[in-house]
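Numbering of ligands and ligand atoms starts at 1, following listing order. Just so it is clear, the model here is predicted, and its values are computed rather than measured.
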Amino acid sequence: MAQKAIAVLTSGGDAPGMNAAVRAVVRSGINSKMKVFGVYRGFNGLLNKEIEEMTLRSVSEIIGNGGTMLYTARSEEFKKKEAQLRAADFCRSKGISGVVVIGGDGSFQGARALTEAGINCIGVPGTIDNDIACSEYTVGFDTAMNTALEMVDRIRDTAQSHDRCSIVEVMGRRCGDIALQTGIATGATAILVPEIEYNTDDIINRIVKTQKTGKKHFIIVVAEGVGKVNDLAKEIEDKLHIEARATILGHVQRGGSPTLRDRVVASQMGYKAVQLLANDIGNRVVAMRNGKIIDLDITEALSMKRVFDEELYQIAKTISI
Ligand code: ADP
Ligand code: F6P
């Protein structure tokens, strides 16, 4: 019987820890006597036949590296049925019966489509946003939060020296988790997230209230999905007559060496994905629930709605005064 073969790809925005997940897939797969192919540049690699058989040593020295050694892409072409069938044919031509897809929920839709085309796929949550409803944790989140934390701490030094208000935009288009965690950890006076409506007067009132207790510098952490940080800075300057500066942290949050947590969770999730494929199980997403690694159906995973941690948000509001 021919040796079983699987493949691994990274898709969508890169996230620190993706390399650790790739390493876990390659090493667990080889340990289970399977061939493991690395697919370059997301789903595009299956369309452009950009794959390479991996060895144990192909993934040496990558566990601590940010980015993804397999590169990543957003493939519009792969959204078409014709492309998905072509990718599945290519997998079959190489004897590949399963693919581990490391990415966000867009990538999981691609994984489901490829499974429907006949190749078992397993999704592994890899995105800094922590915006995958079925999993309480996504690989990359811890590193991104800690980078944002360090950056906001630095911004606080200068805000404090000038008695200014600093407004810092962190990543997260649809999810305020990076903003919430960073905001609470840096003692931000206000945290703005896409999940909760805000009005500028409330923020102004909070600043005035704390000014009366002697506070002279302020940090406001804003999620990317809320945006408009320059407008907010201008409004604060106009209404409060204090200097305000806006900083957009941007892609600095996506890079850097993954934290211990990201390396460990990525290793656990990559291992779990291979166990499923080794048992010919596909169309599943690996997730974390109550700290344990579980798997669930992709369609079920994609239909779940994310729950924002309003309790933590309220704690932040109560104590940052
Ligand atoms: P993320 O995985 O981080 O959410 P995207 O939403 O950009 O990122 O999706 C990554 C890639 O997944 C897309 O560029 C595309 O190749 C694939 N993809 C997304 N949605 C679909 C879909 N409905 N069908 C097939 N492939 C999809
Ligand atoms: O999903 C991760 C993320 O970094 C989001 O926080 C951000 O909105 C988006 O990707 C930016 O994507 P890019 O700059 O790669 O288009």
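Set against the non-hydrogen atoms of Arg74, the atoms of ligand 1 under 4.0 Å away are 7 (O), 14 (O). Close approach of ligand 1 to Gly13 is summarised as follows: ligand atoms under 4.0 Å from at least one heavy atom of the residue are 3 (O). Set against the non-hydrogen atoms of His251, the atoms of ligand 2 under 4.0 Å away are 13 (P), 14 (O). Less than 4.0 angstrom separates some heavy atom of Gly104 from each of these atoms of ligand 1: 1 (P), 2 (O), 3 (O), 4 (O).
Of all the listed residues (Ala15, Gly42, Ser107, Gly12), Ser107 holds the heavy atom that lies closest to atom 2 (O) of ligand 1. With distances taken over non-hydrogen atoms, the option nearest atom 20 (N) of ligand 1 out of Gly106, Gly126, Ala111 is Gly106. For atom 8 (O) of ligand 2, the nearest non-hydrogen atom from the set Glu224, Arg74, Met171, Arg254 belongs to Glu224.
Residues Lys239 and Asp201 form a side-chain contact, since some pair of their non-hydrogen atoms from C-beta on lies under 4.5 Å apart. Proximity of Ile122 to Val285: side-chain heavy atoms (C-beta onward) are nowhere separated by under 4.5 Å. Residues Ile119 and Leu46 have side chains not in contact (no heavy-atom distance under 4.5 Å, counting atoms from C-beta outward). The shortest distance between side-chain heavy atoms of Lys35 and Glu53 falls below 4.5 Å.
The existence of a salt bridge linking Glu237 and Arg164 is excluded, since no basic side-chain nitrogen approaches an acidic carboxylate oxygen closer than 4.0 Å. Electrostatic pairing of Asp157 and Arg154 does not count as a salt bridge here, judged by no charged N lying under 4.0 Å from a carboxylate O. Using a cutoff of 4.0 Å between basic side-chain nitrogens and carboxylate oxygens, Asp202 and Arg206 are not scored as salt-bridged.
For atom 23 (N) of ligand 1, the nearest protein heavy atom (residue, atom name, distance) is Gln109 OE1, 2.9 Å. In this structure, atom 11 (C) of ligand 1 lies nearest to the protein heavy atom Ser11 OG, 3.5 Å. Among protein heavy atoms, atom 26 (N) of ligand 1 sits closest to Gly110 CA, 3.3 Å. When hydrogens are left out, the protein atom nearest atom 5 (C) of ligand 2 is Asp129 OD2, 3.3 Å; that is the closest non-hydrogen contact. For atom 15 (C) of ligand 1, the closest non-hydrogen atom on the protein side is Ser75 O, 3.2 Å. Protein heavy atom at the shortest distance from atom 9 (C) of ligand 2 is Arg173 NH2, 3.4 Å.
Within the structure, ligand 2 has Gly172 among the residues with a heavy atom less than 4.0 angstrom away. The closest approach between Asp105 and ligand 1 falls below 4.0 Å for a heavy atom of the residue. Note on ligand 1: Arg112 sits outside its first shell, no heavy atom being nearer than 4.0 Å.
To the nearest 0.5 Å, atom SG of residue Cys121 and atom CG of residue Leu277 are 8.0 Å apart.
No more than 12 heavy atoms of other residues, nucleotides or ligands sit less than 6.0 Å from atom OH of Tyr71.
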Under the salt bridge (Lys or Arg N to Asp or Glu O under 4.0 Å) rule, what do Asp163 and Lys216 come out as? Steps first, then yes or no, please. CA-CA 5 Å; Asp163 293 331; Lys216 289 193 173 56; over 6 Å; no

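Residue contacts with ligand 1 for Phe43 involve side-chain atoms from C-beta outward but no N, CA, C or O (heavy atoms, distance under 4.0 Å). Contacts with ligand 2 closer than 4.0 Å are made by no heavy atom of Asp131, backbone or side chain.
Remark: Arg289 fails to qualify as a cation-pi partner of Tyr137 under the 6.0 Å distance and 45° angle criteria applied to the six-membered ring.
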